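In this text, all values refer to a predicted model and were calculated from it rather than measured experimentally. Every number for a ligand or one of its atoms is a count from 1 in the order of the listing.
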Amino acid sequence: MAFDLENLVRDNIKHLVPYSSARSEFGGEASIFLDANENAFGSPIGNDLSRYPDPNQSDLKERLSQIIGVARKQIFVGNGSDEAIDLLIRVFCRPGVDEILICPPTYGMYEIAAATNDVAVRRIPLTEKFDLDAKATLGATTNVTKIIFVCSPNNPTGNSLSRRAVLDVVHEFDGIVVVDEAYIHYATERSFVEELDANPNLVILQTFSKAWGLAGLRVGLAFASTQIVEYLNKVKPPYNIGRIAQDLTVKALDFRENFNKNIAETIRGREFLANNLPRFRFVKNVYPSDANFLLVKVSDAGGLYKVLLDEKIVVRNRNNVTLCEGCLRITVGTSEENRALMQALEKYETSSIY
Ligand SMILES: *Cc1c(COP(=O)(O)O)cnc(C)c1O
């Protein structure tokens, strides 16, 4: 069976008549707006936020389209990419019937979003080298598998998946394949954006939370066919992106130079840690990373985690995650933070705790 979008979308979503907001019903010129029950007197703190934001995020999409080279109609803007993950599941997966497929160890939100929507999760682990097992993944799909989520560079392992394996899955699966590129700006591997036109079942997620340094704004992106983007827009809350978030994201896009410098500095920090961590005896492995963090296998992950906390340094304990036993995930910090981490680790090595 070939890919057929209309066949994949839930019937209730196909027939849904979306909420029509005051701002989207009236798009003309006017000077007195008495249509949206907004507060004509403004807010008590006197800023200029009493009006609802643009539900279509037109300015932001226009700028993104110029910069990324994806048509405006192929861009969905979400309240973080987490919103796009949730909406994709809601558009395609019938609660209690359909399922998604994920490849652990990977980002935790895919299964949380599935569970929230009463959608089952099928798990096909990555290979020992944390690469996508295209054959096993494709072989495990059934007629109720609607979405395959892959993450490249992958969280929490840090590596990029092999392009060939991802493309095999995209080409051979009749459902939706989501490639989560939250960390793509740190990677040497190219984005899958260039594959969009040839693959109507492909959805790419990116975010302003990582390399753009705007996690506090909550702005994430999905790139897909215009038809898929239309469905996402149909189910999203009308005003899902606040005005400050829209305005500041547009503004951030003008600071490409700072963005690039910041990425280069992060990569330098990652190389510093990757080069220096292996000299500790308790470090068993530093996995290759294309992201802004390192997965590090140590002799006692739980113990080291606690020791670092005593030094006021918090890392992520991934000890209980399949294939990540004994591992901590360490985000690259500023050079001072990285040095403080190294000092704490030296202290740990010379003490007799472990
Ligand atoms: C951090 C991260 C995100 C970002 O989510 P936002 O909701 O955009 O902040 C998405 N996917 C992965 C794999 C991540 O690690």
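- Residues Asn201 and Asp174 fail the side-chain proximity criterion, which asks for heavy atoms closer than 4.5 Å.
- For the residue pair Asp131 and Thr127, no side-chain donor N or O sits within less than 3.5 Å of a side-chain acceptor on the partner.
- In this structure, Arg90 is not positioned above the aromatic face of Tyr231 in the sense of NZ or CZ being under 6.0 Å from the six-membered ring centre and within 45° of the axis.
- Arg218 counts as a contact of ligand 1, since one of its heavy atoms falls under 4.0 Å from the ligand.
- Considering both main-chain and side-chain atoms, Asn155 comes within under 3.5 Å of ligand 1 through a nitrogen or oxygen pair.
- In terms of protein heavy-atom proximity, atom 9 (O) of ligand 1 is closest to Ser209 OG, 2.6 Å.
- Of the protein's non-hydrogen atoms, the one nearest atom 11 (N) of ligand 1 is Asp180 OD2, 2.7 Å.
- Partner Asn12 forms a side chain to side chain donor-acceptor pair (under 3.5 Å) with one of Arg10, Lys14, His15 and no other, that one being Arg10.
- Residue contact check: Lys210 has heavy atoms under 4.0 Å from atoms 1 (C), 2 (C), 3 (C), 4 (C), 14 (C), 15 (O) of ligand 1.
- A donor-acceptor contact under 3.5 angstrom links the side chains of Tyr110 and Asp180, judged on distance only.
- The atoms of ligand 1 that sit less than 4.0 Å from any heavy atom of Asp82 are 5 (O), 7 (O).
- Under the 4.5 Å side-chain criterion, counting only non-hydrogen atoms from C-beta, Asp59 is not in contact with Asp247.
- Set against the non-hydrogen atoms of Cys151, the atoms of ligand 1 under 4.0 Å away are 13 (C).
- No side-chain donor from either of Arg243 and Gln246 sits under 3.5 Å from a side-chain acceptor of the other.
- Remark: minimum distance from atom 5 (O) of ligand 1 to any protein heavy atom is reached at Ser81 OG, 3.3 Å.
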Practice prompt. May I have the step-by-step check of salt bridge (charged side-chain N to carboxylate O under 4.0 Å, His left out) for Glu83 and Arg218, ending in yes or no?
Written response: CA-CA 9 Å; Glu83 183 178 42; Arg218 310 304 303 131; over 6 Å; no

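- Close contacts of ligand 1 with Ala182, meaning ligand atoms under 4.0 Å from a residue heavy atom, involve 2 (C), 3 (C), 10 (C), 11 (N), 12 (C), 14 (C).
- Shown in contact with Gly80 at under 4.0 Å from a heavy atom are these atoms of ligand 1, numbered in order with element: 6 (P), 7 (O), 8 (O).
- Distances between N or O atoms of Thr207 and those of ligand 1 include at least one value under 3.5 Å.
- Close contacts of ligand 1 with Tyr183, meaning ligand atoms under 4.0 Å from a residue heavy atom, involve 1 (C), 14 (C), 15 (O).
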